[in-house]
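Structure, as structure tokens:
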Amino acid sequence: MNAGGGERMLRGSMARRQYPFHLIEPKWQAFWEGQQTFRAFNPGETLPVAHPFAVRHQLGARPVTAKELPSKFYVLDMFPYPSGAGLHVGHPEGYTATDILARYRRAQGQHVLHPMGWDAFGLPAEQYAIRTGQHPRVTTEANISNFKRQIRSLGFSYDWSREVDTTDPEYFRWTQWIFLQLYQAWFNPETQRAEPISTLKYPASMEPGGSGAELDAAALEAQRREYRDARRLAYVSEAPVWWCEALGTVLANEEVIDGRSEVGGHPVVRRPMRQWMLRITAYADRLLRDLDTIQWSDSLKEMQRNWIGRSEGALVDFRVAPESGAAAGAAITVFTTRPDTLFGATYMVLAPEHGLVEALASGAQRAAVDAYRREIAKKSDLERTELAKEKTGVFTGAYALNPVNGARIPIWIADYVLASYGTGAIMAVPAHDTRDFEFATRFELPVLQVVEPPAGVDWKGYVDDGVAVNSAGPEVSLNGLPTPEAKRVITEWLAARGVGRGMVNFKLRDWLFSRQRYWGEPFPIVWRKDAAGVEWHEALPESDLPVLPPRLDDYKPTADGQPPLARAAAWVNREDGSRRELNTMPQWAGSCWYYLRYLDSTNAGRCVGREAEQYWMGTDGQAGATPGVDLYVGGTEHAVLHLLYARFWHKVLFDLGHVSTPEPFFKLVNQGLILGEDGQKMSKSRGNVVNPDDILVEYGADAFRLYEMFMGPLQDTKPWNTKGVEGVYRFLGRVWRLFVDEASETEFEQALTLTEPSAQEALLGRLRVGSSVQDVVADASQLRVLHACIRKVTEDLDGLRFNTAISAMMVFVNEAIGWEVKPASVLRTFLQLLAPLAPHVAEELWDRLHRHLGQVPPSLGYAPWPSFDPAFLVEDTVEIPVQVNGKLRDVIRVAAAAAAADIEAAAKAAPKAQAFLAGKTLKKVIIVPKKMVNLIVA
RNA sequence: GCGCGCGUGGCGGAAUGGCAGACGCGCCAGACUUAGGAUCUGGUUCCGAAAGGAGUGGAGGUUCAAGUCCUCUCGUGCGCACCA
């Protein structure tokens with residue numbers, strides 16, 4: 001906190017501080033740190049006897065067992081990338097919400113784990129290093145320390161003893177270790193889970209003494225190695241990847257948006273390179289299914305479902321017609337979700353990149369095909385999608401035979417068919433597929449109806465279910481069958497004939513896991529050459545972990561396009577002749593498992609200890625424990641990538657027995673975006689960025705926290721309005737004045753102006769609680785106001801409705817400020833309600849209130865959460881609206897327990913209602929006790 | 001194009017099918033004050049002097065009663081986007 005800045009603000013736009021937050025906030029932050037108030041304890045730890053958690057739960061003096069510990073509550077924030085720009089107002093929105101929950105649950109007696117850390121590998125620090133030669137470690141540490149200062153200034157109750165940093169060798173040692181688990185595992189399709197690679201069964205020909213006995217031992221092992229390496233969960237692929245020249249690295253599919261890099265918006269091109277991949281596709285089905293077992297928003301689940309993109313259909317083999325040149329007789333397999341429309345296929349389309357195109361292009365069409373392919377190859381992906389309005393393609397000159405009826409159909413190539421989805425080839429059914437219809441129209445290809453839509457709907461371009469027509473071949477007929485039935489019949493027929501089979505296809509691709517960067521985790525992998533000169537890879541032993549990156553003077557890729565690690569020849573070339581892997585892992589790696597490291601962040605022997613993992617993930621038999629993280633809060637920008645990758649890793653670790661829950665994050669909430677005051681997305685170029693530091697100097701952390709929550713529902717997108725901060729700031733000022741004696745306040749203010757900032761905190765002692773605060777019994781109306789507030793705040797915090805919880809506290813204060821005598825017990829309870837949201841001012845007033853009463857203040861953070869007594873909320877009489885024909889006409893006050901007949905009589909007697917009853921016949925009376933009465937007249 | 005949200009005062013927003021607009025901002029009036037951009041009190045959906053009428057994007061519907069449920073429609077935000 002910058003006291004000088006605060007003084008400047010006082011003389012500037014603000015006339016007067018509502019209360020001395022600038023002294024209170026650092027004071028309590030220092031107190032919490034000194035007391036380690038928010039430490040969470042693992043089973044087996046010995047708690048300090050004086051720690052408020054130990055006191056509350058009567059633990060301490062000896063190691064605590066998991067059974068003795070209260071029920072766990074793991075509330076997690078998405079940890080930030082510590083950028084040089086510092087915190088923006090979006091970060092603390094989620095952090096404030098989780099902090100409120102953490103404090104609330106502690107008060108309720110739960111054992112709260114609320115950690116924070118740093119996702120600190122990443123491109124900006126590396127690019128800065130390239131420009132300046134400054135080691136990314138230096139930049140990263142400076143940024144972390146700035147972020148930490150900012151986060152601490154907001155008074156969040158993190159257990160900093162569990163802080164993690166993905167760039168710390170003691171952290172990424174375990175990131176590398178998890179990679180080795182992936183490397184040493186395969187996905188067994190029979191058990192549908194990952195198993196150690198040692199359980200992999202080899203084909204008979206590769207078994208020693210099998211039909212491959214003619215091979216020598218080395219050749220056999222080479223074969224087995226190739227077979228094995230092709231099945232690992234971490235494997236090497238030569239497939240085309242997205243290369244970004246500007247960033248000097250490849251990117252994952254997910255990091256490429258419209259043909260440009262997600263980071264920086266640089267152009268990317270498709271290029272074949274040797275890359276590490278992770279076999280996430282093996283988990284597609286489980287990643288999809290298990291969404292049903294977790295509490296995420298529907299929209300988020302839907303995004304993940306779309307990304308996984310499951311579709312059921314069939315593979316169908318078409319034969320290339322005999323006269324079609326070099327490829328004659330070859331099979332072209334297509335994937336279709338509509339095998340029932342097979343009789344309507346009037347042409348086929350292959351992706352321009354399809355492997356058979358070369359052999360198919362014949363005669364007169366050869367030149368056209370080559371020209372088209374050259375044209376497509378030149379286009380960036382961006383152009384390909386932009387130009388998608390008009391479909392293009394060329395005829396190959398070849399024909400294929402439809403397996404159902406032998407029909408001879410032309411084979412085209414077109415870029416509307418993607419090489420990377422399905423088989424890269426389709427059968428085109430223009431009558432019942434929009435894209436095929438557009439293409440067929442453009443190139444005047446025949447359109448043949450095979451589905452009869454409901455009456456009145458045009459069959460041309462009809463893509464939904466109907467009844468099959470014109471679908472009879474020599475051996476099979478679908479005519480008259482509804483679409484689902486037709487699909488089933490034809491798929492069975494294709495399978496029986498050996499020309500097709502049912503198939504489930506996914507959009508999800510394997511995860512491209514290597515990057516040509518310096519500032520990331522090195523792979524624990526080396527490369528060797530066998531006797532035949534074939535390169536193969538080998539895992540380093542666990543004892544070699546962590547594999548540290550080498551020191552470099554220059555962080556750029558080498559002149560011949562090698563990653564920067566290649567510059568460290570002494571590091572790359574090992575004494576035994578092997579060479580280290582030059583790639584590093586992507587930034588996602590560290591964030592895939594950080595929530596596990598928090599559970600046991602200093603464990604030197606395991607990524608997470610079993611007992612700690614089972615306690616905090618709720619699988620050790622605690623009654624009602626949530627399986628996994630209880631609440632995970634973060635932005636939607638991670639809806640697919642981080643959350644899908646982390647679920648994938650977690651499932652692998654689960655299969656291999658390292659964690660005990662199938663899903664990591666049980667409940668997840670996305671906080672909404674905070675827009676600038678102009679309603680536009682905050683950005684430097686618009687000049688509408690709000691810096692939390694500025695708000696803190698002027699209004700303090702408590703007002704900032706309160707405002708972030710008061711703006712509206714956590715999940716909603718909402719605009720910032722600094723005037724709104726003033727509103728909650730004034731509220732805190734009223735809370736302050738509820739307690740503090742006016743005369744002492746004035747005296748304090750005057751002393752403040754005469755005292756050096758460094759000595760000001762001592763002046764807080766001059767403030768006294770006002771004489772209207774007395775140790776007296778509260779009256780019924782005061783208790784009603786208090787208990788209504790307890791109920792509302794409790795229910796709203798449970799439902800994450802922070803905005804309405806704050807509103808309820810405002811209602812309480814607006815009432816209480818008018819009381820001539822304020823019962824200390826009522827104010828004390830109110831401070832407990834306020835504490836999770838505005839902890840600093842609550843602590844200060846809590847402390848003063850107890851001293852005022854001559855008591856030693858107990859720990860506010862661990863004081864049991866107040867419960868409300870419905871008895872105090874009961875009112876003798878209630879006000880209920882009187883409607884006539886459904887319209888509000890009057891309001892009557894009746895006894896809460898009034899009989900229906902009495903209510904009816906009172907309603908009829910209500911003066912304003914009577915005016916509408918006069919001369920009418922009463923037809924019906926509807927009475928909802930304590931709610932309303934409706935008189936129906938005609 | 002497809003999928004998922006969301007449309008309520010001047011603004012942010014609140015309302016288990018039961019008094020629409022809680023709470024806050026802003027605005028208006030008043031009190032205190034040398035002063036107010038501090039604080040306190042009252043008012044503030046629209047039309048109307050009032051009585052009263054209208055009102056939750058629009059049009060229908062269900063219901064004694066609809067911001068809330070149903071159908072259609074318009075607008076808007078987000079996600080995916082030639083995924084066969």
Side-chain angles (χ1 to χ4, degrees), chain A residues 13-18 258 297-307 309-311 313 334-338 341 349 384-385 388-389 391 414-418 420-429 432-436 438-439 463 505-509 636 639-640 670 672-673 677 679 706-707 710-713 715-728 730-731 733-734 737 742 792 801 803-811 813-814 817-818 879-891 912 915 923-928 930-937:
Chain A
S13 64
M14 252 191 50
R16 191 186 163 197
R17 233 185 236 109
Q18 290 275 346
D258 287 339
S297 70
D298 288 341
S299 65
L300 186 53
K301 285 184 181 182
E302 203 52 34
M303 276 193 236
Q304 293 227 334
R305 287 193 191 104
N306 287 341
W307 195 265
R310 182 180 197 273
S311 59
V334 303
F335 175 71
T336 176
T337 55
R338 293 297 301 271
T341 62
V349 187
R384 253 168 100 155
T385 45
K389 291 154 206 147
K391 291 210 165 19
D415 71 348
Y416 84 90
V417 172
L418 307 176
S420 52
Y421 184 76
T423 61
I426 63 157
M427 66 174 199
V429 184
H432 307 294
D433 181 280
T434 312
R435 299 148 301 181
D436 297 345
E438 284 173 14
F439 191 81
V463 299
N505 207 16
F506 292 94
K507 269 201 298 193
L508 185 69
R509 312 290 157 71
T636 339
V640 276
N670 285 124
L673 203 62
E677 301 218 46
L706 227 40
Y707 177 65
F710 189 62
M711 291 169 80
Q715 292 92 335
D716 287 9
T717 297
K718 50 224 172 249
W720 181 270
N721 176 10
T722 299
K723 284 282 184 195
V725 188
E726 286 181 26
V728 292
R730 280 200 281 265
F731 160 69
R734 280 201 298 281
R737 292 191 294 275
E742 216 178 301
K792 183 79 177 137
R801 293 181 297 268
N803 54 332
T804 50
I806 293 166
S807 155
M809 291 191 287
M810 288 172 166
V811 170
V813 171
N814 290 346
I817 205 135
E879 204 176 57
I880 61 174
V882 177
Q883 294 180 355
V884 178
N885 286 351
K887 283 183 183 289
L888 177 73
R889 295 305 179 187
D890 209 340
V891 175
K912 286 183 187 165
K923 307 256 296 195
K924 195 172 176 185
V925 178
I926 295 174
I927 293 170
V928 183
K930 296 187 195 176
K931 279 279 159 69
M932 52 78 58
V933 50
N934 192 1
L935 306 169
I936 311 303
V937 297

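To find a chain, count down the sequence lines: A is the first, B the second, and so on, and within it residues start at 1.
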Exercise. Taking the side chain of A:N814 as its heavy atoms from C-beta onward, which of B:A54, B:A84, B:C23 lies nearest to it?
Worked result: B:C23
Exercise. Considering every strand shown, what is the Watson-Crick or G-U wobble mate of B:A84 when both distances are under 3.5 Å?
Worked result: none
Problem set entry | P-based separation of B:C74 from B:G10 [nearest Å] | 26 Å
Exercise. Taking the C1' atom of each, how far is B:A31 from B:A54, in whole Å?
Worked result: 37 Å
For this session: Taking only the side-chain heavy atoms of A:Q18 (C-beta and beyond), determine which of B:C23, B:A38, B:C80 contains the nearest atom.
Result: B:A38
Seminar exercise, completed: Side-chain atoms of A:T804 come closest, of B:A14, B:C4, B:G24, to B:A14
Exercise. Less than 4.5 Å apart, any side-chain heavy atom of A:S311 and any of A:F335?
Worked result: yes
Exercise. Rounded to the nearest Å, what distance is computed from the CG atom of residue A:L418 to the C1' atom of nucleotide B:A84?
Worked result: 9 Å
Problem set entry | Side-chain N,O (A:K718) to OP1/OP2 (B:G12) below 4.0 Å | no
Exercise. Over how many whole Å does the gap from A:M809 atom CE to B:A22 atom C1' extend?
Worked result: 15 Å
Problem set entry | Spacing between A:M932 atom CE and B:G17 atom P, to the nearest angstrom | 15 Å
For this session: Could you measure between the two P atoms, the one in B:G12 and the one in B:G77, and give it in whole Å?
Result: 15 Å
Problem set entry | Donor-acceptor contact present, side-chain A:N934 to main-chain A:I926, <3.5 Å | no
For this session: For A:K923, report the nucleic acid contact type (base, sugar-phosphate, nothing); a contact means any heavy atom under 4.0 Å.
Result: nothing
Exercise. Less than 4.5 Å apart, any side-chain heavy atom of A:S297 and any of A:Q715?
Worked result: no
For this session: Pick the C1' atom in B:A66 and in B:U8, then give their distance to the nearest Å.
Result: 14 Å
Problem set entry | B:U76 pairs with, by Watson-Crick or G-U criteria that keep both distances under 3.5 Å | B:G5
Exercise. Do you know the tightest heavy-atom contact between A:V349 and A:V417?
Worked result: CG1-CG2, 3.5 Å
Problem set entry | Between P of B:C82 and CG of A:D436, the distance in whole Å | 14 Å
Exercise. Does the side chain of A:R737 get closer than 4.0 angstrom to OP1 or OP2 of B:C40 through an N or O atom?
Worked result: yes
Exercise. What's the closest nucleotide to the A:F710 side chain, out of B:G24, B:G13, B:C80?
Worked result: B:G24
Seminar exercise, completed: Partner of B:C25 under the Watson-Crick or G-U wobble criteria, both distances under 3.5 Å, comes out as B:G10
For this session: Could you state the atom-to-atom distance from NZ of A:K924 to C1' of B:U63 in whole Å?
Result: 10 Å
Exercise. Just checking, is any N or O donor in the side chain of A:R734 or A:Q18 under 3.5 Å from an acceptor N or O on the other one?
Worked result: no
Problem set entry | Sugar-phosphate only, base, or nothing, as touched by A:T717 at under 4.0 Å among non-hydrogen atoms | sugar-phosphate
For this session: Measure from the side-chain heavy atoms of A:M810 and tell me the nearest of B:G24, B:C64, B:C82.
Result: B:G24
Exercise. Nearest to the side chain of A:V811, which nucleotide is it out of B:C23, B:G13, B:C19?
Worked result: B:C23
Exercise. Does A:R730 place a side-chain N or O at less than 4.0 Å from the phosphate oxygens OP1/OP2 of B:G26?
Worked result: yes
Exercise. Partner of B:U34 by Watson-Crick or G-U wobble geometry, both contacts under 3.5 Å, or none?
Worked result: none
Exercise. OP1, OP2 of B:G18 versus side-chain N and O of A:N934: anything below 4.0 Å?
Worked result: no
Exercise. Rounding to the closest angstrom, what is the interatomic distance between B:U34 and B:C27 at atom C1'?
Worked result: 27 Å
For this session: Using Watson-Crick or G-U wobble geometry with both distances below 3.5 Å, tell me the partner of B:A66, or none.
Result: none
For this session: Ignoring backbone atoms, test whether A:R889 places a side-chain nitrogen or oxygen under 4.0 Å from the OP1 or OP2 oxygen of B:G53.
Result: yes
For this session: Give a yes-or-no answer on whether the side chains of A:T722 and A:E677 include a donor-acceptor pair shorter than 3.5 Å.
Result: yes
Exercise. Using atom P of each nucleotide, how far apart are B:U56 and B:C11 to the nearest Å?
Worked result: 16 Å
Seminar exercise, completed: Taking B:G24, B:C80, B:C82 as options, the one with an atom nearest any side-chain atom of A:K507 is B:C80
Exercise. Among B:C25, B:G18, B:A84, which is the nearest nucleotide to the side chain of A:K723?
Worked result: B:C25
Problem set entry | Separation of the P atoms in B:C6 and B:C69, to the nearest angstrom | 9 Å
Problem set entry | B:G13 glycosidic torsion: syn (within 90° of 0) vs anti | anti
Seminar exercise, completed: Whole-Å distance, A:L888 CG to B:G55 P, equals 15 Å
For this session: Whole angstrom is fine here: how far is it from CG in A:N306 over to C1' in B:G1?
Result: 14 Å
Exercise. Mind checking the P distance from B:A38 to B:A29? Whole angstroms is fine.
Worked result: 15 Å
Exercise. Between the side chains of A:Y707 and A:N721, does any donor sit under 3.5 Å from an acceptor?
Worked result: no
Problem set entry | Distance test, side-chain N/O of A:Q304 to OP1/OP2 of B:C80, below 4.0 Å | no
Exercise. Quick one: A:Q883 CD to B:C19 P, roughly how many Å, whole number?
Worked result: 8 Å
Problem set entry | Earlier contact from the 5' end, RNA chain B, for A:I936 and A:V640 | A:I936
For this session: Using the closest heavy atom to pick a nucleotide of RNA chain B for each, name whichever of A:D298 or A:E879 lands nearer the 5' end.
Result: A:D298
For this session: Measure from the side-chain heavy atoms of A:Y416 and tell me the nearest of B:G24, B:G18, B:C82.
Result: B:C82
Exercise. How is A:N505 classified with respect to the nucleic acid when contacts are heavy atoms under 4.0 Å: base, sugar-phosphate, or nothing?
Worked result: nothing
For this session: Could you tell me whether A:S297 contacts a base, only the sugar-phosphate backbone, or nothing, with contacts defined as non-hydrogen atoms closer than 4.0 Å?
Result: nothing
Exercise. Within the pair A:R734 and B:C23, is there a side-chain N or O less than 4.0 Å away from OP1 or OP2?
Worked result: no
Problem set entry | Pairing nucleotide - B:U56, Watson-Crick or G-U, each distance under 3.5 Å | none
